[in-house]
Amino acid sequence: MSRREPHVLARGFFASDPVVVAPLLLNKVVVVGQGSARRSGRIVEVEAYRADDPASHSYRGLTARTAVMFGPPGHLYVYRSYGLHWCANVVCGAEGEGAAVLLRAIEPLTGLPAMYASRAGIRRDVDLGSGPGKLTQALGISGADNGADLTDPGGLHLAADGVAPPAAPGVSRRIGISVAVDVPWRWFVADSAHISKLPGPGRPGQRRSGPSAPGPGHPLPPIDQS
DNA sequence: TAAAAGATCCCCT
DNA sequence: GGGGATCTTTTAT
């Protein structure tokens, strides 16, 4: 491990259950473009989705849209949300598994002028990437990036710059879904001002978790309502 | 062939 | 705090 010299995450990093990978992605860096066109942001909020999860796009099996999600880990799955926005996911687990982690918020690090240019009407840094649709717009990610290999340092990639994931990340239910709403598969940097929403107030959300979140072996906690 | 729902954001009241 | 914009994917006739 180097000091703070950013290093690109390797394929193996992504080859685990998304419930395990998701919290580890906190404080990692998303890098888009190179040289003066380079934009980057620190991941401060994520959500996990798996094939045995009714809220996941992969739940109904492989389709044209979700092909990337069922491909090898370490690639980017991009889809259009509500006909207007792009959402970016990191494919996890083994090839064919259909697992991914949704990037929900970033803290802008570099290339802020370009981000502001991409997000008309925005005036504050915290409004640049504090949401799934916002961060893709700020970073310039679109459907054209679907399938991108995140381990390729020459392209859109993920890097570690020496900042460790939070020892006690915030944990809560996922946002914006209508099924499997009880699974605590949303993680965020608790003291970040750049997350999309604070711990769900209406519902008894979840408090912070300890160092370890819901483990790997766990099939699926409370989804089974019956 | 048609229809509905959706991992959201922003503006208006 | 509430609703509209906007369009792709999937599922139902």
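Worth knowing before you read on, the calculation uses all heavy atoms, side chains too, and leaves out hydrogens, waters and symmetry mates. All values reported here derive from a predicted model rather than from experimental measurement. Here is how names work: the chains are called A, B, and so on, in the same order as the sequence lines, proteins then strands, and each is numbered from 1.
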remark   = CG of A:Leu9 to CG of A:Leu24, rounded to nearest 0.5 Å, is 10.0 Å
note = What residues 98-105 of chain A contributes to the DNA chain B interface at heavy-atom separation below 4.0 Å is A:Leu102, A:Arg104
task = Please answer: with hydrophobic residues joined when any side-chain heavy atoms are less than 4.5 Å apart, are A:Trp185 and A:Tyr77 in the same cluster?
result = no
ask   = Is A:Val90 reachable from A:Ile141 through a run of I, L, V, M, F, W or Y residues, each pair having side-chain heavy atoms under 4.5 Å apart?
value = yes
remark   = Closest to the side chain of A:Ser178, out of B:dA7, B:dT8, B:dG6, is B:dG6
ask   = A:Leu26, A:Leu150: one ILVMFWY side-chain cluster at the under-4.5 Å cut-off?
value = yes
request  = Is it possible for you to say whether A:Val78 and A:Val21 belong to one hydrophobic cluster, with membership spreading through side-chain heavy-atom contacts below 4.5 Å?
outcome  = yes
query = Tell me: CH2 of A:Trp187 to P of B:dA7, nearest whole Å?
reply = 18 Å
request  = Using whole Å, report how far CZ of A:Arg174 lies from P of B:dA7.
outcome  = 10 Å
key: Nucleic acid contacts of residues 114-138 of chain A, taken as heavy-atom distances under 4.0 Å to DNA chain B   = A:Arg119, A:Gly131, A:Pro132, A:Gly133, A:Lys134
Pairwise side-chain contact, A:Pro108 with A:Arg39, heavy-atom cut-off 4.5 Å (strictly under) = no
task = Specify the separation, in whole Å, of atom CH2 of A:Trp86 and atom P of B:dA7.
result = 15 Å
Distance, rounded to the nearest Å, where A:Tyr59 contributes OH and B:dG6 contributes C1' = 17 Å
query = How many angstroms lie between atom OG of A:Ser130 and atom CZ of A:Arg104, to the nearest 0.5 angstrom?
reply = 10.0 Å
Where do N or O atoms of nucleotides 6-8 of chain C meet protein N or O atoms at under 3.5 Å, pair by pair?
residue: C:dT6; atom: O2; partner: A:Tyr82; partner atom: O; Å: 2.6

Got a list of protein N/O to nucleotides 11-13 of chain C N/O distances below 3.5 Å?
none

ask   = Can A:Leu156 be reached from A:Ile106 by stepping across I, L, V, M, F, W or Y side chains whose heavy atoms are under 4.5 Å apart?
value = yes
inquiry  = Does any part of the side chain of A:Asn89, heavy atoms only, come nearer than 4.5 Å to the side chain of A:Met69, both counted from C-beta?
reply    = no
ask   = Within the side chain of A:Ser118, is there an N or O that forms a donor-acceptor pair under 3.5 Å with the backbone of A:Ala114?
value = yes
request  = Hey, could you give me each pair passing ring-ring contact (aromatic ring centres under 6.0 Å, His included) that has a residue in residues 85-123 of chain A? Not counting sequence neighbours.
outcome  = none
key: All stems with DNA chain C, defined as three or more consecutive Watson-Crick or G-U pairs under 3.5 Å   = B:1-6 with C:7-12, B:8-12 with C:1-5
inquiry  = Here's a test for you: under salt bridge (Lys or Arg N to Asp or Glu O under 4.0 Å), which of A:Lys197, A:Arg174, A:Arg186 qualifies with A:Glu45?
reply    = A:Arg186
task = Give a yes-or-no answer on whether the side chains of A:Ser192 and A:Arg42 include a donor-acceptor pair shorter than 3.5 Å.
result = no
key: Nearest-Å distance for atom pair CD1/C1', residues A:Ile177 and B:dT8   = 14 Å
key: Whole-Å distance separating the NZ atom of A:Lys197 from the P atom of B:dC10   = 12 Å
ask   = Considering only heavy atoms from C-beta outward, does the side chain of A:Lys28 approach that of A:Leu158 to under 4.5 Å?
value = no
query = So, do A:Arg11 and A:Asp149 sit near enough that their side-chain heavy atoms are less than 4.5 Å apart?
reply = yes
ask   = Are A:His57 and B:dA7 close enough that a side-chain N or O sits under 4.0 Å from OP1 or OP2?
value = yes
ask   = Taking OP1 and OP2 of B:dA7, is either one under 4.0 Å from a side-chain nitrogen or oxygen of A:Ser56?
value = no
From CG (A:Leu109) to CZ (A:Arg38), nearest 0.5 Å = 9.0 Å
